[in-house]
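See below for the structure under consideration.
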There are 2 protein chains.
Amino acid sequence: MGTTTESPRQRYRAQVQEEIKQHAWEQIATAGASALSLNAIAKQMGMSGPALYRYFANRDELITALIRDAYQSLADTIRSAAAGGADLRGLAQAMRVWALEDPQRYLLIYGTPVPGYQAPDDTRQLANDVMTKLLEAAGGDGLGALPASALGEHLAASDAGWATAYPAEPERLHRAVVFWTRLHGVLSLELAGHFDGMGFDPARVYAAEVEAVAGH
Amino acid sequence: MGTTTESPRQRYRAQVQEEIKQHAWEQIATAGASALSLNAIAKQMGMSGPALYRYFANRDELITALIRDAYQSLADTIRSAAAGGADLRGLAQAMRVWALEDPQRYLLIYGTPVPGYQAPDDTRQLANDVMTKLLEAAGGDGLGALPASALGEHLAASDAGWATAYPAEPERLHRAVVFWTRLHGVLSLELAGHFDGMGFDPARVYAAEVEAVAGH
DNA sequence: TCGCATCAGTGATAGCCTCTAACTGTCGCC
DNA sequence: GGCGACAGTTAGAGGCTATCACTGATGCGA
């Protein structure tokens, strides 16, 4: 593959960066992204604080790298589910498993953003990749008709690049958007613990929403 | 009303607490909840850092107070909309306006939680109040039938206190939950900026989801 | 193979933060 | 009018991000 020959130093650098991210994920999983501390990571790795700045210019850059990896992981999950022949329902299932596997990873992407933070372009690209895969699945066989609505037309009319592959299929666009927003609605509330103590099974709510989008 | 006679000191204390929260909201609106600094607030108010600890034992307690106020404000918004004769659609509109008015206030309640943070009981009560108001509106006139689904039965069967007023109305429970999760899905993605650059109008998506829940 | 440039990692430091402790001065209640 | 309660102060411990000047190892080209 296109692995441009790596110098030992580059290889080591990449390795350490990977290890840093590993520790960062552990911290995030237990204390949330806002509690992520470069200092603490450095100590865990047995080196002094400022050493980390050789690998990530600042805290934001590390978080950005984590966001990138999260998107990548989600895209991979969706891709492999689709490659395994999963339809829209299977895809929804795969996404839920992925989210529950590491709630903070999901929330890093789809959770509360820092007002100032601007995602770099390639991150937007990764988000778009995910959307494209949803669009592909949103046109599969075995899907019921969606109730009539003007939304599909609106989406088709105002397409700004996120659906260039299917510009003329309002129902597909509608289904993809609704798939995204509804599943995110259930998932994010579940992950944030807002269903705790309400006594019902979030999986059932999720499943019902999947059916509502996929049709009977 | 039951205003137990206030001493001047209590009055002053309450006033300062209110002023602190005011500054806190301004900070949160511009930099997010994770960037909230007691120190900075104190300086803005012309006093030294530790003085604030007379009013809030720690950072978490201040944030909890803000969360309480946010719930209260949302509950008031919903109540006054309902009192004004708004149906489920009107309620959805009022909620959207409330959310857009101050995105970080919405996200403080429904956004990414801090893993360690445990909401105090009265906060859970406030969340329940909101849910109860949704349940009331979810049984109004002029609502279409929801597609058949086992979710309503599940919700009715596993009721654990959040819907004691309407235990035997599966469709109402179903509608309330779906109202909540779907609108949150659209709203939270919009507020987090995930629709940016996609070229469609979030209000249209929101409206379509409202119609899908309220029926034609 | 040798020499040197590059780069990993260091301690010191500035400046921010939360939160505690000890102290002072003022306010209001009895 | 006096005293107790309480607001607000400074000092400081301990954490954080981030910069700087430095040391020492490493790997590359000559």
Side-chain angles (χ1 to χ4, degrees), chain A residues 3-28 30-67 108 114-118, chain B residues 3-28 30-67 108 114-118:
Chain A
T3 326
T4 47
T5 24
E6 281 181 7
S7 72
R9 270 190 171 149
Q10 281 174 322
R11 187 202 302 270
Y12 176 77
R13 197 178 164 74
Q15 233 168 22
V16 176
Q17 267 174 341
E18 218 50 48
E19 198 183 337
I20 291 170
K21 289 195 285 186
Q22 198 63 33
H23 285 275
W25 280 120
E26 284 162 24
Q27 260 190 39
I28 285 182
T30 67
S34 59
L36 191 150
S37 152
L38 297 198
N39 228 323
I41 292 173
K43 272 181 196 161
Q44 271 177 24
M45 293 178 62
M47 56 182 177
S48 243
L52 278 206
Y53 289 80
R54 292 271 168 213
Y55 301 93
F56 295 94
N58 51 49
R59 200 170 165 278
D60 266 25
E61 205 175 90
L62 171 56
I63 289 181
T64 298
L66 297 176
I67 290 174
L108 195 62
V114 176
Y117 182 79
Q118 253 303 345
Chain B
T3 325
T4 49
T5 24
E6 280 182 9
S7 71
R9 271 194 170 145
Q10 282 174 323
R11 187 203 301 271
Y12 176 77
R13 197 180 165 72
Q15 232 170 23
V16 175
Q17 267 174 342
E18 218 49 48
E19 197 183 338
I20 291 170
K21 290 196 285 187
Q22 198 63 32
H23 285 276
W25 279 120
E26 284 164 23
Q27 259 190 40
I28 285 181
T30 66
S34 60
L36 190 150
S37 153
L38 298 197
N39 226 322
I41 292 174
K43 272 181 196 163
Q44 271 177 25
M45 292 178 62
M47 56 184 176
S48 243
L52 278 206
Y53 288 80
R54 290 271 169 214
Y55 301 94
F56 295 94
N58 52 47
R59 199 171 166 278
D60 266 25
E61 204 175 271
L62 171 55
I63 290 181
T64 298
L66 296 176
I67 290 175
L108 194 62
V114 176
Y117 181 80
Q118 254 304 346

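Owing to the predicted nature of the structure, the values given are computational and were not obtained by experimental measurement. A, B, ... follow the sequence lines: proteins, then strands. Residue 1 opens every chain.
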Nearest heavy atoms of [X] and [Y], plus distance in Å:
X: B/Pro115; Y: A/Gly32; result: CG-N, 3.5 Å
X: A/Leu108; Y: A/Ala33; result: CD1-CB, 3.7 Å
X: A/Ala24; Y: A/Leu66; result: CB-CD1, 3.8 Å
X: B/Ile20; Y: B/Phe56; result: CG2-CE1, 3.8 Å
X: B/Tyr117; Y: B/Thr64; result: OH-OG1, 2.7 Å

For residues 35-43 of chain A, run the donor-acceptor check on the side chains, cut-off 3.5 Å, and write out each pair with its distance to 0.1 Å, sequence neighbours left out.
from, atom 1, to, atom 2, distance (Å)
A/Ser37, OG, A/Asn39, N, 3.4
A/Ser37, OG, A/Ala40, N, 2.9

Inset, instruction - Map B/Asn39 and A/Tyr55 onto DNA chain C by nearest heavy atom, then report which one ends up closer to the 5' terminus. - result: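 With B/Asn39 and A/Tyr55 compared, the 5'-side residue is A/Tyr55.
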Legend entry - Strand-adjacent residues in residues 42-54 of chain B, judged by heavy atoms under 4.0 Å from DNA chain D: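 Heavy-atom cutoff 4.0 Å gives B/Met47, B/Ser48, B/Pro50, B/Ala51, B/Arg54.
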What is the distance, rounded to the nearest whole Å, between atom [atom1] of [X] and atom [atom2] of [N]?
X: B/Gln10; N: D/dA5; atom1: CD; atom2: P; result: 15 Å
X: B/Arg13; N: D/dC6; atom1: CZ; atom2: P; result: 8 Å
X: A/Phe56; N: D/dT17; atom1: CZ; atom2: C1'; result: 16 Å
X: B/Gln17; N: D/dA7; atom1: CD; atom2: C1'; result: 13 Å
X: A/Ile41; N: D/dC16; atom1: CD1; atom2: P; result: 11 Å
X: A/Tyr12; N: D/dA25; atom1: OH; atom2: P; result: 14 Å

Legend entry - Pairs satisfying side chain to side chain donor-acceptor pair (under 3.5 Å), at least one member in residues 11-23 of chain A, at least two apart: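 Listed by first then second residue: A/Lys21-A/Asp69, A/His23-A/Gln44.
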Inset, instruction - Kindly state each residue pair satisfying side chain to side chain donor-acceptor pair (under 3.5 Å) with at least one member in residues 49-61 of chain B, sequence neighbours excluded. - result: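 Residue pairs with at least one partner in residues 49-61 of chain B: there are none.
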Strictly under 3.5 Å: I want the nitrogen or oxygen pairs between protein and nucleotides 26-30 of chain D, one per line.
from, atom 1, to, atom 2, distance (Å)
D/dT26, O2, A/Arg9, NH2, 2.7

Legend entry - chain A footprint on DNA chain C, 5' to 3' - any atom under 4.0 Å from a heavy atom: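 In short, chain A contacts DNA chain C from C/dT6 to C/dA12.
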